[in-house]
Asks: 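Submitted below is the structure of interest, expressed as structure tokens.
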There are 2 protein chains.
Amino acid sequence: MAEKIKEECEKRLLPVRDALDILSGKWKLPIIVALFFGNKRFKELEREVKGITGKMLSKELKDLETNQLVKRTVLDTSPVAVEYSLTKYGKSLEKLITELYKWGEKHRKMIIGK
Amino acid sequence: MAEKIKEECEKRLLPVRDALDILSGKWKLPIIVALFFGNKRFKELEREVKGITGKMLSKELKDLETNQLVKRTVLDTSPVAVEYSLTKYGKSLEKLITELYKWGEKHRKMIIGK
DNA sequence: GTAACCAGTTTACTAATAGATACTAGTGTA
DNA sequence: TACACTAGTATCTATTAGTAAACTGGTTAC
């Protein structure tokens, strides 16, 4: 009986870890949130996401693309422009981010309020 | 105008990062979830959270205690037993974990289903 | 032609995270 | 007295994450 609960619990942990892995690291959420405000070019993101280096931005965008949260579009202009946007799937993070926000805000208040 | 939105966005990011920082790492969530199923002693947790080492468990529990998610109680028995439990505040993570679970599960299905 | 912008990549480094293993100090059991 | 269990700590190593700064190759504006 207790064994079954344990197994169930481990199985349930997998998707939770997945979600956390995708979002963790210093830069993924700032990038995602920046893209919530509209599609952006590489250099635009580099400027808006304060403190990020080109290397990290490049790497994180690739990760996000792999997980299909972000779409990379090469625009047929001269010179070529590259636009990054959230996929519909990326946008589905909104509720989760809101929940992170709500809890984090509560936490801030509690820690500061001591 | 655009500046104001950017500032607002950065301010909003802080609590989101806080929440993520507290939850990220390999072991914090497994420990929290184990404690959702009831109070546990150190060695119990070491056995239940598969793969964790004593060192990591010790460190993670301290972090969680610092953030007031977990309470450490030394029981007045002989030999001394130490019990870890979720605080009321720790329990307030339930909704957030559920949201992580829901999103993570969707993600799993999408990735596997390809 | 040269200076500047775009979309990155490369190299070299440091810092943070995690793992393996051994160890301590106290208690309980046979 | 020997062995095992509890609640950890200490030391060392490996891996991963992140930073800094230079560099590429193409484009456009002066």
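In this text, all values refer to a predicted model and were calculated from it rather than measured experimentally. Protein chains get the first letters and strands the later ones, always in sequence-line order, with residue 1 at the start of each.
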Asks: Name all residues meeting the salt bridge (Lys or Arg N to Asp or Glu O under 4.0 Å) criterion together with D21(B); count only those two or more places apart in sequence or in a different chain, and write none if there are none.
Replies: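 In terms of salt bridge (Lys or Arg N to Asp or Glu O under 4.0 Å), with neighbours along the sequence ignored, D21(B) is linked to R17(B).
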Asks: Using the side chain to side chain donor-acceptor pair (under 3.5 Å) criterion, which residues pair with K62(B)? Sequence neighbours excluded.
Replies: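 K62(B) satisfies side chain to side chain donor-acceptor pair (under 3.5 Å) with no other residue.
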Asks: Nucleotide range of DNA chain C contacted by chain A, 5' to 3', under 4.0 Å to a heavy atom?
Replies: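 Span of nucleotides near chain A: dC6(C) to dA12(C).
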Asks: Strictly by ring pair (Phe, Tyr, Trp, His ring centres under 6.0 Å), give each pair with a member in residues 50-73 of chain A just once, sequence neighbours left out.
Replies: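 Qualifying pairs, neighbours excluded: none.
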Asks: Can you list the residues that meet the side chain to side chain donor-acceptor pair (under 3.5 Å) rule with R47(B), with sequence neighbours excluded?
Replies: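 Partners of R47(B) under the side chain to side chain donor-acceptor pair (under 3.5 Å) test: none.
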Asks: For nucleotides 7-11 of chain D, tabulate all protein N/O to nucleotide N/O atom pairs closer than 3.5 Å, reporting atom names and distance.
Replies:
| residue | atom | partner | partner atom | Å |
| --- | --- | --- | --- | --- |
| dA7(D) | OP1 | R41(B) | NE | 2.8 |
| dA7(D) | OP1 | R41(B) | NH2 | 3.3 |
| dA7(D) | OP1 | V82(B) | N | 3.0 |
| dA7(D) | OP2 | K43(B) | N | 3.2 |
| dG8(D) | OP1 | R72(B) | NH2 | 2.7 |
| dG8(D) | OP2 | Y84(B) | OH | 2.8 |
| dT9(D) | OP1 | K62(B) | NZ | 3.1 |
| dT9(D) | OP2 | S58(B) | OG | 2.5 |
| dT9(D) | OP2 | K62(B) | NZ | 3.3 |

Asks: May I have all residue pairs that pass ring pair (Phe, Tyr, Trp, His ring centres under 6.0 Å) and include part of residues 52-86 of chain B, sequence neighbours excluded?
Replies: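 Sorted result for residues 52-86 of chain B: empty, none.
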Asks: Heavy atom of residues 26-35 of chain B under 4.0 Å from DNA chain C: which residues?
Replies: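 Of all residues in residues 26-35 of chain B, the ones placing a heavy atom under 4.0 Å from DNA chain C are K26(B), W27(B).
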Asks: If each of G51(A) and T77(A) is mapped to the nucleotide of DNA chain D with the nearest heavy atom, which maps nearer the 5' terminus, i.e. the 5' end?
Replies: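 The residue closer to the strand's 5' end, by nearest nucleotide, is G51(A).
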Asks: More 5' along DNA chain C: P79(B) or G25(B), using each one's nearest nucleotide?
Replies: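 So the residue in question is G25(B).
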Asks: Can you name the residues that form a side chain to side chain donor-acceptor pair (under 3.5 Å) with E94(A), not counting sequence neighbours?
Replies: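 With neighbours one apart ignored, the set is empty.
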Asks: Distance check needed: dA21(D) C1' versus I52(A) CD1, whole Å only.
Replies: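 Atom-to-atom, I52(A) to dA21(D), this comes out as 16 Å.
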Asks: So, using side chain to side chain donor-acceptor pair (under 3.5 Å) as the criterion, who are the partners of S92(B) when residues are at least two apart?
Replies: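 Partners of S92(B) by the side chain to side chain donor-acceptor pair (under 3.5 Å) criterion, ordered by chain and then number, come out as W103(A).
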Asks: Which salt bridge (charged side-chain N to carboxylate O under 4.0 Å, His left out) pairs, counting each pair once, include a residue from residues 69-93 of chain A, with sequence neighbours left out?
Replies: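 Every candidate salt bridge (charged side-chain N to carboxylate O under 4.0 Å, His left out) pair involving residues 69-93 of chain A fails, so no pair, neighbours aside, qualifies.
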Asks: Can you list every salt bridge (charged side-chain N to carboxylate O under 4.0 Å, His left out) pair that touches residues 31-40 of chain B, not counting sequence neighbours?
Replies: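 Listed once each, the pairs are K40(B)-E48(B).
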Asks: For L57(A) and E46(A), which heavy atoms make the closest approach, and how far apart are they?
Replies: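 L57(A) and E46(A) have their closest heavy atoms at CD2-N, 3.6 Å.
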